[in-house]
Amino acid sequence: MNVSIIGAGYVGLVTAGGLAHLGHVVRLGESNPDRVAQLVAGEVPIFEEGLADLLDAARAANTISFHASNVEAVEGSDLVFLCLPTPQGDDGRANLAFINSVVEELAGELGEGDLFVIKSTVPPGTVASLRKRLADLGSSARIVSHPEFLREGRAVPDFLNPDRIVIGAWDQVDADRVASLYADLDTLVIKTDPTSSEMIKYANNSYLASRLTFVNTLANVCEAVGADILDVIEGLGSDHRIGPHFLQPGPGYGGSCFPKDTSALIAVAEDAGYDFQLLRAVITADDEQRRRVAAKVRLAAGGGLRGRKVAMWGIAFKAGTDDVRESPALRIAALLQEEGAEVVAYDPEASTQSVGIAATALEAVDGADVLLVATEWPEFAEVDLAEVASRMRGHRIVDARNLLDPKQVRKVGLDYWGLGRPSA
Ligand code: UGA
């Protein structure tokens, strides 16, 4: 099929590469001309494992093209995917300005029966409002909801092997057309109405954020009563109703999705007259988690941070990505800096201007009073701990990802403070 994708962010690029891989002809529209030039030149503007291979293959097969004009990008396509950002506005609500303006721009370009496919995360009811808007504009285009569930760092395998595909359409014919794009994938296809489809996406992210926050707070209780969260998780996750995934305690959730989607769902509920107290408590507890990690580092530094050097391993919001949006590492670093600490970080992929940057994990710990492990990059578990001990000025590691082996750390004479571990 001929498909257009508007927005060359990580969702748009992975969807474009993935659909081309499934045999479709893809036209990608992007408003940033530098990004278009990069793509035309064969570069990939984001770090996402496997994406470059998909795009290279599509370029070689001539099944992908890149356009700085959205109007040009939708020429000859029956399906137009909108993969545009819906950032959090000042009031916690999702900002739909990009979606609205592109729908207005393209409303007259799509012909009878052509479909807008809304991939972006949008509040329940948005696709219904957009349908009215299209009718008001006299457009004959149709519109469906089709949320994405890709994880950064795993987006390509997630695209090619999804847990399910969700399509929200009023008309079975529209749902079937979207589903037919994935005919080669052996996966569950859930067809529903657009508002329920939009809700599935918010439910998914809000549930995962709540689950993590539950585990993080449980780790705090384990710490208080002398239990080991890792054993507790093993017991908990072995219950088939719970399952073992997505249960690792950490410094709080980050990234471009959980923080904005939890706030947006609270706002959606509020607008409909429901106070989503549980989710509000999740956001408060998540914020507290970062403060607890910062407090741990302060304690590890001897009770005060003024003039102390903190080495931070990891900047990215999680391992496997260079994305620093809403990164817990950077928010903790800001709290430490406010109290007078110097923070020097190392990350294999991510960078920032807000803290000092070291070229290697070992260089970061030179003269450090405390080492904070903030992102769970596997390579951090391979660093020579004896060398770490000899380079540090202090002798404590705060492991906010429970990544290192406490026994190995203690063997080289350093103190190990994890999350929810005995003698943390
Ligand atoms: C999330 C969802 O998992 C995707 O399904 C969704 O498509 C995406 O948001 C989106 O809405 O676009 P992502 O933001 O890439 O994906 O990140 P996750 O892998 O879900 O991690 C989110 C946060 O939870 C990270 O800060 C991570 O470090 C943290 N986390 C995750 C933990 O602390 N412990 C865990 O066990 C798992």
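For ligands, and for the atoms within them, numbers begin at 1 and follow the listed sequence. Just so it is clear, the structure is predicted and the values come from calculations on it, not from any experiment.
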>> Could you check, using the six-membered ring where one of them is a Trp, whether His146 and Phe116 have ring centers closer than 6.0 angstrom?
In response: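 So the answer is no for these two rings.
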> Centre of Phe317's six-membered ring, under 6.0 Å away, within 45 degrees of the axis: is that where NZ or CZ of Arg325 sits?
Replying inline: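 Cation-pi check for Arg325 and Phe317: fails.
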Side-chain H-bond candidate by donor/acceptor type, [X] with [Y], under 3.5 Å:
{"X": "Arg421", "Y": "Asn402", "value": "no"}
{"X": "Gln38", "Y": "Asp34", "value": "no"}
{"X": "Ser196", "Y": "Asp193", "value": "yes"}
{"X": "Gln289", "Y": "Asn220", "value": "yes"}

Can you give me a line-by-line list of nitrogen or oxygen pairs between ligand 1 and the protein shorter than 3.5 Å?
| from | atom 1 | to | atom 2 | distance (Å) |
| --- | --- | --- | --- | --- |
| ligand 1 | 5 (O) | Phe149 | O | 3.1 |
| ligand 1 | 7 (O) | Glu148 | OE1 | 3.3 |
| ligand 1 | 7 (O) | Leu150 | N | 3.1 |
| ligand 1 | 7 (O) | Leu150 | O | 2.8 |
| ligand 1 | 7 (O) | Lys201 | NZ | 3.4 |
| ligand 1 | 11 (O) | Lys201 | NZ | 2.7 |
| ligand 1 | 11 (O) | Asn205 | ND2 | 2.8 |
| ligand 1 | 12 (O) | Tyr10 | OH | 3.4 |
| ligand 1 | 12 (O) | Glu148 | OE2 | 2.7 |
| ligand 1 | 15 (O) | Glu152 | N | 2.7 |
| ligand 1 | 15 (O) | Lys318 | NZ | 3.0 |
| ligand 1 | 17 (O) | Lys318 | NZ | 3.3 |
| ligand 1 | 19 (O) | Lys318 | NZ | 2.8 |
| ligand 1 | 26 (O) | Gly254 | N | 2.8 |
| ligand 1 | 26 (O) | Phe317 | O | 3.3 |
| ligand 1 | 28 (O) | Phe317 | O | 3.4 |
| ligand 1 | 28 (O) | Arg401 | NH1 | 2.8 |
| ligand 1 | 28 (O) | Arg401 | NH2 | 3.4 |
| ligand 1 | 34 (N) | Gln248 | O | 2.8 |
| ligand 1 | 36 (O) | Leu247 | N | 3.4 |
| ligand 1 | 36 (O) | Gln248 | N | 2.9 |

